[in-house]
Amino acid sequence: RHAMPDAMSSPPDASTQLPPRYDAAAVQEAVARVWEQERAFHAEPTDPGEPFCIVIPPPNVTGALHLGHALNNTIQDILVRRARMQGKNAVWIPGTDHAGISTQAVVDKRLQAEGKPSLKDYKKLEAEGKNGREQFVALVQAWKDEYEARILGQLRAMGCSCDFERTAFTMDEKRARGVREAFFRLFKDGLIYRGKRLVNWDPATQTALSDDEVENEEVDGHFYYLRYPLDSGSGSLAADPDHRLAAGATPEYVTVATTRPETMLGDTAVAINPKDPRAAELRGRFVRLPIVNRLIPIIEDDYVVMADPDSEDAKAKYATGFLKVTPAHDPNDWEIGQRHDLPVINVFAPDATISDQHGWPREDFEQGGAAQFLGLDRYEARRAIVAWFRENNLLEDVKPYRHSVGHSYRSHVPIEPYLSDQWYVAVKKPIPWMANGGVVEGTDVPKNSLAGLALTALRGSGSLAAVPAPGDSEHRLAAGATSELSFVPDRYAKTFRQWHENIRDWCISRQLWWGHRFPVWHKRLELADKEQGFEFFWSDFDEVMEGTIADAAIVVRETSSGRQLSAEDVFGTNDEGAHLRFKGIVDVFTSDRRSDSYTANASQDPDVLDTWFSSALWPMSTLGWPDESAISNLKSPLNVWNPTDVLCTAREIITLWVSRMVMFNRYMRGHPDERREGTSNVERRTSNAEMPETEEARSPALDVGRSKFDLGRNFCNTLWNAGRFVIGSIAQVVPAQNPEPLPYGRGSEPTIIDRWILSRLARTVQAANEALDEYRFDRYATACYDFFWRDFCDWYVEASKPAMRQGGDAAIQTAHVLATCLDISLRLMHPMIPFATERLWWALNDVMPARGIPGRFELAPAERCIRAKWPQFDEKMDTLTSQGAERVVERLQEIVQAIRTVRTENKVEPRRTVHVTIRYPANVAHHLAANKATVELWAGCEIVEMGESAAEPAGSAKTTAAGCEIFVADIADPAA
RNA sequence: GGGCCGUUAGCUCAGUUGGCCAGAGCGCCUGCCUUACAAGCAGGAUGUCGCAGGUUCAAGUCCUGCACGGCCCACCA
């Protein structure tokens, strides 16, 4: 009566439009086109909904995306798609990272492999004033363009719902502006300084590295025991500069133990622990450094470990009690040197060969034999020097020793502690405009320092109010902002905390060409400029600057007479005085409005910034910072979406990246406004059952093998086919257009099977949401899989067939249940299987635009799955659950499985119907009777008799299940 | 040296606050092209839950120690 005849006679068979085998590429293409046309991934800050933002950890442009990226990006896509469906104003910002040292190294390696001019050659050109740098950077740029395009193509191919209109690159012009602005602000606050210090030097790439870019590796080395002859007199160096041991005299000596004998050329003292019994005797005496003949003092420092051959401690065990002190080539010795005001003698060139061109005084070559080692690399020098000591009877012993040595995380060569001028960010220094809140409990980290900001960002650590700087419009955002940084799993919060408690100043300069060049110009002034060059403080800035403070130009000067500005001169404070040794003039420009006349005679600092400096700004710079429009407009992307909601990254990057991002975000935004910079750990949350679609729909663009993705591929196909079938079946029983929802079987109660599948559906919604709320993607996937494949396809769809064929009210009733299950399944699985669910969604819309269980449960219609309302487990959803129905159907399933087992065991042909007799207890009688036909269908049998006292047929096989005795007759093949 | 994580079926892994016969996928065995699906369906085999103790009525699950594997941190001459 309900237009059924029409529907049956002209079935708008949607299934015919859907090919029987899931063609991932075709579906993907069709769906992607529609999404693109409709700008489905695009969001504007003015859109309705609670803001939700994820920034992609920008992949390095060193190469194409790999499996790890696919996984991480899939996780992010699941989160952002769900948020979008939840009605949030969700955006996912894509982009790439210039990855300074890595990319430069990769390109250089490629050039070398191709036999083309490489970095070395361009360096030569540059030295000759022939634009070598420019040419090399252009080559890297070309590489970057190629891989950036490839990476973005891969993201699209995977179905990542990034807002590609907001694609960013860490070194594009907008991000470069952010870098200059950040540098300016830090500099202005006295948080950036230049210092001559021992840095982690990579002799292969010839750049400094931050502490975090150094990897320790165990290596087999040796302890060399070197004898340093004692100076026989107790006089001073000045008193007897030419003192040498008399030939043939019995040498008195001290023995030092070292793993790096080659550094002895730069020794400037021998240290002994003041508690050492020998200390008193040696007080005030000197040793004559072999080879170079330098007279160096014996000093006392309690850093020195006293010798103890029986000690468990390797250091004490191997120690002699005497420590050679080489301030230029060992971090500890540097510290000792600082304490005792020792000379610093650098005997290495930047490539770690012995050199007299980098601070080794001429005097050392006037006597002794140091010159013979010049030009040797550090390992050749080691062998040669050990040989020298052996020949001169000064080598006491050599012991094998396994110890850890720092290696460059890029070139993998051992790090050389190397003295050089570098730029630093003072991470523990109080930020001038921020209220002094004391130190973070149990640490020496001031709360109002960068490290302090990171520590107080952690959930439960309390927050610190900012003191607004006059005229800085950002600070009004501070009101009511809370600090909420948490980690998933939360144990990584500990890593984060410990790292910041022990943090040291961040070396941000790199001697590379590929990167953000320091916005700093050096220039020496002529004497005529003297008055102009001297006196200024921050309050005077407008006078000495080119332009106004709005131009963001800082000028720091010294005179040509060589007087260096102290920190006090520049900043009105002497906090970092020891390290502030500016050479020449330092101009910092953060805008492009610096005048040519000003930079005409100046040279830009050749260094580039640590790649993490620009990465640290990513959550701001991708959202428009530092544009005035972004900062002042409350509805700008920056103010709506920063701080971002969740960050998905690898754990090893917590210190390199996450830390700096938190510091910068909180510092630059001017207040503790991090909301939830959650970090979901990728590895931890990974399992094979996790990403069913990784292969087919998400990673054809990736060069990976197929084996690991069978489950996902198979599931996609099952989803496709089941969807196709359900949609086709529905089309058979409902009119082509159903402007009004069909009644649910008019007056009939839902069957127990219907109630069961709807209950399972609701439970799945609940489980999936709980899993996603905890970032348990594996559970989310498993819940969806179990429901859709196991419950829905294996059991319900089979059980629905008779009713659907039968037509009439039963068919309509069943169609509603089928449609509801498919509808919610598609919504629920869309974040993980975006393409297939979207395509099926359209087909389902074609045959049945209004869905739900009429009068009981409505579903909000949507044209596109990507924007369909996300299924939440709420009170309404809860009305679908039924423990009773689930229990009953479980029993029926047990009975069916038992019958199937009997069939298989007895080799009954699958198509043959067997006759079954069931003897059941009273409590299942009703349910079994009511579902007799379904059990028969599922088990492929005919139930000839059932009851509490059903008779056992002769010649039947017996089994038990769910408290029933089941007899299966007709086991033997009648034809046999 | 300090810390963290892992050790469950041939392989990759789930096992929530300790509770009935320890699970999934892949692989393997048997039978099926049953009109959504062979990228599938039905059935099946496979585990001293790293080792040794302990707590408990009950331990893969909690405690202690050990072994192996992996990761992080540290200024070890």
Side-chain angles (χ1 to χ4, degrees), chain A residues 15 18 20-22 24 198 211-212 215-216 223-224 256-261 263 270-271 303-305 312-326 330-336 401 403-406 417 489 491-492 494-495 498-499 502 504 650-652 654-655 681 683-684 686-690 692 695-696 706-729 770-771 774 776 778-779 781-782 785-786 789-790 793-794 797-798 801 805 896-912 938-940:
Chain A
S15 67
L18 303 174
R21 179 171 280 219
Y22 178 53
L198 226 46
D211 294 340
D212 310 282
E215 292 171 348
N216 287 307
F223 250 117
Y224 300 90
V256 297
T258 181
T259 55
R260 302 205 51 200
T263 64
V270 168
Y303 170 77
V304 180
V305 173
E312 298 280 312
D313 180 23
K315 203 195 284 188
K317 192 175 163 189
Y318 285 94
T320 64
F322 293 101
L323 175 67
K324 66 188 272 303
V325 182
T326 323
D330 182 281
N332 299 310
D333 293 8
W334 170 261
E335 297 292 325
I336 295 171
Y401 182 61
H403 61 132
S404 70
V405 173
R491 68 189 128 89
Y492 289 107
K494 210 163 103 184
T495 304
Q498 283 175 352
W499 188 77
N502 303 312
R504 290 186 296 173
R651 69 171 90 94
E652 65 268 18
I654 290 174
T655 52
N681 185 277
E683 290 88 346
R684 183 63 189 156
T686 299
S687 76
N688 288 339
E690 190 174 323
E695 156 82 349
E696 278 303 277
R706 305 197 137 223
S707 58
K708 295 187 87 172
F709 301 99
D710 289 346
L711 173 60
R713 184 188 48 179
N714 298 354
F715 184 74
C716 283
N717 197 52
T718 287
L719 167 64
W720 184 256
N721 277 300
R724 203 166 56 86
F725 174 71
V726 167
I727 290 163
S729 305
E770 282 172 3
E774 294 169 34
R776 291 300 307 261
D778 55 339
R779 288 188 186 178
T782 304
Y785 170 94
D786 284 345
W789 202 334
R790 303 278 79 103
C793 292
D794 290 354
V797 170
E798 288 308 313
K801 286 175 180 174
R805 288 201 197 98
V896 168
Q897 282 167 334
I899 295 171
R900 285 173 177 170
T901 303
V902 170
R903 294 181 60 114
T904 305
E905 281 173 352
N906 293 285
K907 302 201 190 320
V908 177
E909 290 166 30
R911 310 191 65 160
R912 191 151 63 82
W938 278 339

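Letters go in sequence order (proteins before strands), and every chain restarts at 1.
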Has [X] got a side-chain N or O lying under 4.0 Å from the OP1 or OP2 atom of [N]?
X         : N       : result
Arg724(A) : rA36(B) : no
Lys907(A) : rG43(B) : no
Arg776(A) : rG15(B) : yes
Trp789(A) : rC41(B) : yes
Tyr785(A) : rA24(B) : no
Arg504(A) : rC75(B) : yes
Asn714(A) : rG40(B) : yes

Quick check against the 3.5 Å criterion: does Arg724(A) have a side-chain atom that pairs as donor or acceptor with the backbone of Tyr22(A)? no
Using a 3.5 Å distance criterion without hydrogens, assess whether the side chain of Asn906(A) forms a donor-acceptor pair with backbone atoms of Val902(A). yes
Euclidean distance, atom [atom1] of residue [X] to atom [atom2] of [N] [Å, nearest integer]:
X         : N       : atom1 : atom2 : result
Trp938(A) : rU34(B) : CH2   : C1'   : 17 Å
Asp330(A) : rA77(B) : CG    : C1'   : 7 Å
Leu719(A) : rA36(B) : CG    : P     : 17 Å
Tyr22(A)  : rA39(B) : OH    : C1'   : 12 Å
Tyr224(A) : rC76(B) : OH    : C1'   : 17 Å
Glu905(A) : rG44(B) : CD    : C1'   : 9 Å
Gln498(A) : rC4(B)  : CD    : C1'   : 10 Å
Arg790(A) : rG25(B) : CZ    : P     : 6 Å

Please state the [atom1] separation for the pair [N] and [M] - nearest whole angstrom.
N       : M       : atom1 : answer
rC57(B) : rC37(B) : C1'   : 50 Å
rU46(B) : rG23(B) : P     : 13 Å
rA9(B)  : rA22(B) : P     : 14 Å
rC26(B) : rC71(B) : P     : 31 Å
rG65(B) : rC49(B) : P     : 22 Å

Heavy-atom pair with the smallest gap, counting every atom of [X] and [Y]:
X         : Y         : value
Asn721(A) : Pro20(A)  : OD1-O, 2.7 Å
Arg260(A) : Pro417(A) : NH1-CD, 3.9 Å
Ile336(A) : Leu323(A) : CD1-CD2, 3.8 Å

So [X], base contact, sugar-phosphate only, or nothing? Heavy-atom distance under 4.0 Å.
X         : answer
Arg21(A)  : base
Val304(A) : base
Glu335(A) : nothing
Asp794(A) : sugar-phosphate

Under 3.5 Å, is there an N or O donor on one side and an acceptor on the other linking the side chain of Arg779(A) and the base of rA14(B)? no
Quick check for you: among [options], whose closest atom lies nearest to any side-chain atom of [X]?
X         : options                   : value
Asn332(A) : rC75(B), rA36(B), rG43(B) : rC75(B)
Thr904(A) : rC37(B), rG43(B), rA14(B) : rG43(B)
Asn717(A) : rC37(B), rA36(B), rA77(B) : rC37(B)
Pro910(A) : rC37(B), rA77(B), rC32(B) : rC32(B)

Is there a side-chain contact between Trp720(A) and Arg21(A) in this structure, where contact means two heavy atoms from C-beta onward sitting under 4.5 Å apart? no
Heavy-atom side-chain proximity of Ile654(A) to Trp499(A) below 4.5 angstrom: no
Between Pro331(A) and Glu215(A), name the one whose nearest nucleotide on RNA chain B is closer to the 5' end. Glu215(A)
For RNA chain B, the dot-bracket notation using Watson-Crick and G-U wobble pairs below 3.5 Å, [ ] for pseudoknot-type crossings and | for other-strand pairs, is (((((((..((((.....[...)))).(((((.......))))).....(((((..]....))))))))))))....
For Ala939(A), side-chain contact (heavy atoms from CB on, under 4.5 Å) partners two or more places apart: Val896(A), Ile899(A), Cys941(A)
